[in-house]
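For reference, the structure discussed in these notes is given below.
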Protein chains: 2
Amino acid sequence: MKIGELAAVARCTVETVRYYEKEGLLPAATRSGGNFRQYGAEHVERLRFIRNCRALDMSHGEIRRLLELADHPQDDCGAVNEVFDQHIAHVAERIRELEQLRAALTHLRQRCCDTQAVDACGILHGIAEMENATLPERHTHL
Amino acid sequence: MKIGELAAVARCTVETVRYYEKEGLLPAATRSGGNFRQYGAEHVERLRFIRNCRALDMSHGEIRRLLELADHPQDDCGAVNEVFDQHIAHVAERIRELEQLRAALTHLRQRCCDTQAVDACGILHGIAEMENATLPERHTHL
DNA sequence: TCCACAACCTGAAGCTACTATAGAGTCAAG
DNA sequence: CTTGACTCTATAGTAGCTTCAGGTTGTGGA
């Protein structure tokens, strides 16, 4: 199977496949006489795994770790659960951050209910007066 | 005031200040004899505004738009409200996406309750079996 | 006056996860 | 034998910075 077909079955672009190879997420393919990449079922499986992890918003670092662990089938899967739990924690943390953010934005929004002159706009004044202590820093890649 | 002091009062790094100047968010400073940037109160105000917008997770594009609008104090502030409402909508949308994601992750997590061999791990099998239709695409910069 | 050292300067590269482009080569059908 | 789809490599761009290299300026103590 050539790269276009692989990309099609995994629903990603050809460029993404080549990028994963360069990043070491996908092992280098064998080459045909004309230097075209040749793939088999194991590449399909691996690429689909990677794309599914990306659909779950995992970083390449997290995916790399999962792939390493999956490559030792006899080992205990506790480490897998750990990676996964940490990822869930990242997501939960980001949701908390964004909910704080939404509350702050909604509060600010109420400072300008009517349309008026810009220099009297409650939103702009609200932003100018903010103390940075209000909001959290970002802790995740999400 | 020199760049280090400006950065300190706005609680960001010197590099960030120079970056904002290069991006055109912050107007170019006048220079001292030794080519050091010199800032005044208006720069402090503007930089604090920018940093507060960033704390609200606005993109540089959104901030640029707000700054433009703020530079025409006599105009109607309806456009400001519009930018703001759209940003709130972005945040709400991202929260929805992440909550879907969390649900999917939590569901997957339940497929491996006990520690066992990697090749029997319900999480890894679950990821491998996923259909990409499950999850939404990202629509915002958040 | 000299020296050390902090703070400043510019320009370029690195980060994440891709996407897009240019220019060239390969292959199957008509 | 030509057309056109597909592939190849290498490079640059995206957002919002951070880090680094290599050089200049300003300030305080000896």
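Throughout, a chain's letter reflects where its sequence line sits, starting with A, and its residues are numbered from 1.
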Parallel, tilted or perpendicular, as decided by the 30° and 60° cut-offs, for the rings of A/His90 and A/His141: perpendicular
Under 4.0 angstrom between A/His60 side-chain N/O and C/dC18 OP1 or OP2: yes
DNA chain C: 5'-proximal contact among A/Thr16 and A/Gly33 (nearest heavy atom): A/Thr16
N or O in side chain of B/His141 less than 4.0 angstrom from D/dG16 OP1/OP2: no
Pair B/Ile127-A/Phe84, side chain to side chain contact (heavy atoms under 4.5 Å, CB included): steps then yes or no: CA-CA 11 Å; B/Ile127 295 174; A/Phe84 213 77; 4.1 Å; yes
Degree of bending, the helix from C/dT1-D/dA30 to C/dG30-D/dC1 (end axes from five pairs; round to 10°): 30°
Side-chain N or O of B/Arg51 closer than 4.0 Å to phosphate OP1/OP2 of D/dG16: no
Under 4.0 angstrom between A/Arg64 side-chain N/O and C/dT16 OP1 or OP2: no
Upstream residue (5' side of DNA chain D) when B/Lys2 and B/Glu15 are each assigned their closest nucleotide: B/Glu15
A/Ser32 or A/Thr13, whichever maps to the more 5' nucleotide of DNA chain C: A/Thr13
Sorted by number, the residues of residues 17-26 of chain A with heavy-atom contact under 4.0 Å to DNA chain C: A/Tyr19, A/Tyr20
Set of residues satisfying side chain to side chain contact (heavy atoms under 4.5 Å, CB included) with respect to B/Glu93, sequence neighbours excluded: B/Arg96, B/Glu97, B/His139, B/Thr140
Integer-rounded Å distance: D/dA5 P and A/Phe36 CZ: 15 Å
Least distance between heavy atoms, A/Leu142 atom then A/Arg94 atom: O-NE, 3.0 Å
Listed nucleotide nearest any side-chain atom of A/Arg37, set C/dC8, D/dT7, D/dT9: D/dT9
A/Arg46 versus A/Tyr20, side-chain donor and acceptor atoms under 3.5 Å: no
